[in-house]
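Residue numbers start at 1 and run along the sequence shown. Start at 1 and go down the list; that is how both ligands and their atoms are numbered. Because the structure is predicted, anything quoted here is derived from the model rather than measured.
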Amino acid sequence: VVTIDRQSLRARMAPELPEGLVAHIDRVVALARTLAERHGLDVERVATAAQGHDLLRAVPPAELLARAEERLMAIDPVERADPLLLHGPVGAEELRERFGVQDRLVLDAVRWHTTGHPDFPPEAWAVFVADKIEPDKVAHEPRLAEAARLAERSLHAAALAYLDLLLHQAAEGRWRLHPLAVLARNALLDRLAIEGAGRG
Ligand SMILES: [Fe+2]
Ligand SMILES: [Fe+2]
C-alpha cells in the first residue's frame with residue numbers, strides 16, 4: 001500500500017534537497033515512468049520509488065554512516081569504506097519513518113538502487129535503469145548509450161549492460177565492487193539466459 005503519492009513526496013522532499021538533485025530526481029521519475037509504461041509495469045509505484053530514491057544523496061558520508069550505525073543496520077565493509085553507498089539503504093528507512101512509505105516494493109527499490117539486487121522485481125529494475133541512463137548521465141558517460149538503447153527492449157539487458165560497464169570502471173579505477181552488484185549481475189545473466197532460451 002502506497003500511503004503517500006509521488007507529488008506529495010516531491011513537495012516534502014524538495015526543501016531539503018539541493019536544486020541539482022531535485023532536477024536529477026525529476027528526470028529519473030520521468031524516465032522511470034516511460035520505462036514502466038513501455039514494459040507494462042505498475043507506473044505509480046515505479047514513480048514513487050524513483051521520487052524517493054535519492055532522498056539522502058546529499059547527506060555527507062560520515063553522517064550517513066552515523067545514521068546507519070544508529071539504526072544498527074548491517075554495514076558491508078565496502079559501505080564502510082565508501083559510506084555514500086548507504087544513501088539508498090538509510091534513505092529507505094527514512095522514507096518509512098519520516099514519510100510513511102509502507103510499500104515494500106518501493107522501499108526495496110530505493111534501498112538497493114545503487115547496486116541492484118538479485119531478487120529485484122521488474123519495477124525496481126525500471127527505477128535502477130532510469131537512474132543510470134537519465135540524459136545527464138549519458139551525456140557525461142557515452143558508454144551508457146548502449147544501456148539506454150537496450151532499455152527500450154529489455155530492462156534486464158539494460159541493467160546488465162550498466163553493471164558490465166561498472167565492472168570495467170571498477171577494474172580501470174581499481175575500485176571495490178559492492179557484493180550486491182556482483183550478485184545482481186549474476187542473477188541478470190541467469191535471467192537473460194532463460195529469457196533468451198524462451199525466445200528460441
Ligand atoms: Fe542514488
Ligand atoms: Fe539518482
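- Note on the Fe ion (ligand 2): protein N, O or S atoms under 2.8 Å away count 4, no waters included.
- We find that Glu16 and Arg98 are joined by a salt bridge, their nearest charged nitrogen and carboxylate oxygen being less than 4.0 Å apart.
- Rounding to the nearest 0.5 Å places CZ of Arg111 at 7.0 Å from CE of Met73.
- Ion pairing between Arg104 and Asp108 holds under the 4.0 Å rule for side-chain N and carboxylate O.
- A salt bridge is absent between Glu79 and Arg176: the closest approach of a Lys/Arg side-chain nitrogen to an acidic carboxylate oxygen does not fall below 4.0 angstrom.
- Residues Leu150 and Leu144 fall into different hydrophobic clusters, defined by Ile, Leu, Val, Met, Phe, Trp and Tyr side chains chained together at heavy-atom separations under 4.5 Å.
- Among the candidates Trp112, Phe128, Trp125, the single residue satisfying the ring pair (Phe, Tyr, Trp, His ring centres under 6.0 Å) test with His117 is Trp112.
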